Amino acid sequence: MKILPVSFYQRENVFQIARELLGKVVVTKWNKVITSGRIVEVEAYNGVIDKASHAFGGRRTARNEVMYAEGGVAYVYLCYGIHHLFNVVTNAEEEPHAILIRALEPIKGIDEMLRRVGKEKSDHTLTRGPGNLSKALGIFTSHSGNSLQSKKLYIAEDRISFSKMEIIASPRIGVGYAGKDALLPYRFYIIGNPFVSGKPK
DNA sequence: GAGTAGATCCTCT
DNA sequence: GAGGATCTACTCA
């Protein structure tokens with residue numbers, strides 16, 4: 001497997017990147033323990049013009065400063081005081097685009113993930129939903145700003161790619177406060193995958 | 001199966 | 001001082 005180069009992230013079309021991230025593999029390696037999973041669901045956040053984005057209207061705070069960095073770094077923040085949400089920053093410096101990783105299909109280190117989450121056995125809830133997958137992979141807000149080129153946290157290319165037929169675009173989840181922008185089809189997922197959040201089939 | 005309340009704390013106003 | 005890019009468990013049917 002090959003680590004995705006920064007040129008993958010540093011492109012203008014965040015939706016294109018989001019689609020291409022489906023099927024890629026997120027890998028974390030903390031203290032020599034590897035956990036990884038294949039991306040099956042993402043959401044795109046389209047910079048300053050997107051009401052659902054933390055960077056809407058050019059808002060810039062200590063928390064979202066990372067979004068203004070050049071593409072290829074992690075943006076992690078705490079939601080509802082409980083959940084760590086893992087995002088990937090894209091595009092150039094000063095263009096605060098980001099892609100939220102919403103669901104993974106576990107590949108390596110499932111035992112370790114179970115231990116982190118406190119479960120006995122593996123099921124489809126292990127890495128379903130952004131809060132759960134961050135916990136399973138051991139990603140915390142302290143990793144915000146980390147480069148995705150590091151050996152500890154990165155996204156890699158796998159042989160597998162999904163065809164357009166298998167990818168569904170739909171409105172994003174949990175962004176009702178964004179008004180009209182909440183209806184935009186900026187969420188992409190693999191059709192029929194049990195790890196995709198929301199209603200099972 | 002569907003709907004809802006509660007957890008819980010950092011961040012911005 | 002309010003609220004959030006969520007999740008789980010519990011209720012009611």
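A note on names: the letters A, B, ... follow the listed sequences, proteins ahead of strands, and every chain is numbered from 1. No experiment lies behind these values; they were computed from the predicted model shown.
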TODO: Can you tell me the distance, in whole Å, between the CD atom of A:E43 and the P atom of C:dT6?
DONE: 7 Å
Task: Atom pair distance, as rounded to whole Å: NZ in A:K119 and P in C:dC7 - done: 12 Å
TODO: Starting from C1' on C:dT8, measure out to NE2 on A:H124 and report it in whole angstrom.
DONE: 13 Å
TODO: Mark up nucleotides 6-13 of chain B, 5' to 3', with B wherever a protein heavy atom is under 4.0 angstrom from a base atom, S wherever such an atom reaches only the sugar-phosphate, and - elsewhere.
DONE: -BBBSSSS
Open item on the list: Return whichever of A:V117 or A:V175 has its heavy-atom-nearest nucleotide of DNA chain C closer to the 5' end.
Closed with: A:V175
- [ ] Could you state the atom-to-atom distance from OH of A:Y45 to C1' of C:dG4 in whole Å?
- [x] 12 Å
Open item on the list: Within a 6.0 Å radius of atom CD on A:E65, are there more than 12 heavy atoms belonging to other residues, nucleotides or ligands?
Closed with: yes
Open item on the list: Would you measure the distance from the P atom in B:dA5 across to the matching atom in C:dG3 and give it in whole Å?
Closed with: 16 Å
TODO: Give a yes or no on whether a salt bridge exists between A:R128 and A:E105, defined as a side-chain N under 4.0 angstrom from a carboxylate O.
DONE: no
TODO: Evaluate whether the aromatic ring of A:Y177 and the six-membered ring of the C:dG4 base sit under 5.5 Å apart, centre to centre, with an inclination under 30°.
DONE: no
Task: A:R38: side chain to side chain donor-acceptor pair (under 3.5 Å) partners, not counting sequence neighbours - done: A:D158
Open item on the list: Using a 3.5 Å distance criterion without hydrogens, assess whether the side chain of A:S134 forms a donor-acceptor pair with backbone atoms of A:H84.
Closed with: yes
TODO: Name all pairs fulfilling the salt bridge (Lys or Arg N to Asp or Glu O under 4.0 Å) condition that reach into residues 42-51 of chain A, sequence neighbours left out, sorted by first residue then second.
DONE: A:E43-A:R102, A:D50-A:R172
Open item on the list: Please convert DNA chain C into dot-bracket. A pair counts if it is Watson-Crick or G-U wobble with both distances under 3.5 Å; crossing pairs go in [ ] and bases paired with another strand get |.
Closed with: ||||.|||||||.
- [ ] Assign A:N87 to base, sugar-phosphate, or nothing according to its heavy-atom contacts below 4.0 angstrom with the strands shown.
- [x] base
- [ ] Report the distance from atom CD of A:E41 to atom P of C:dA5, rounded to the nearest whole Å.
- [x] 16 Å
- [ ] Among Ile, Leu, Val, Met, Phe, Trp and Tyr joined by side-chain contacts under 4.5 Å, find the other residues sharing a cluster with A:I3 and list them by chain and number.
- [x] A:M1, A:V25, A:V27, A:I34, A:I107, A:Y154
Open item on the list: Please report the distance, rounded to the nearest Å, between CG in A:D123 and C1' in C:dT8.
Closed with: 13 Å
Open item on the list: Regarding A:Y45 and A:H54, do their side chains bring together a donor and an acceptor under 3.5 Å, going by distance alone?
Closed with: no
Task: d(CG, A:L85; C1', C:dG4) in whole Å - done: 10 Å
Open item on the list: Checking A:R116 now: which residues fulfil salt bridge (charged side-chain N to carboxylate O under 4.0 Å, His left out) with it, not counting sequence neighbours?
Closed with: A:E112
Open item on the list: Under a plain distance cut-off of 3.5 Å, with no hydrogens placed, do A:K119 and A:T125 share a side-chain donor-acceptor pair?
Closed with: yes
Open item on the list: How many whole angstroms separate atom CZ of A:F140 from atom C1' of C:dT6?
Closed with: 16 Å
TODO: Report yes if a side-chain nitrogen or oxygen of A:R102 is closer than 4.0 Å to either non-bridging phosphate oxygen (OP1 or OP2) of C:dT6; otherwise report no.
DONE: yes
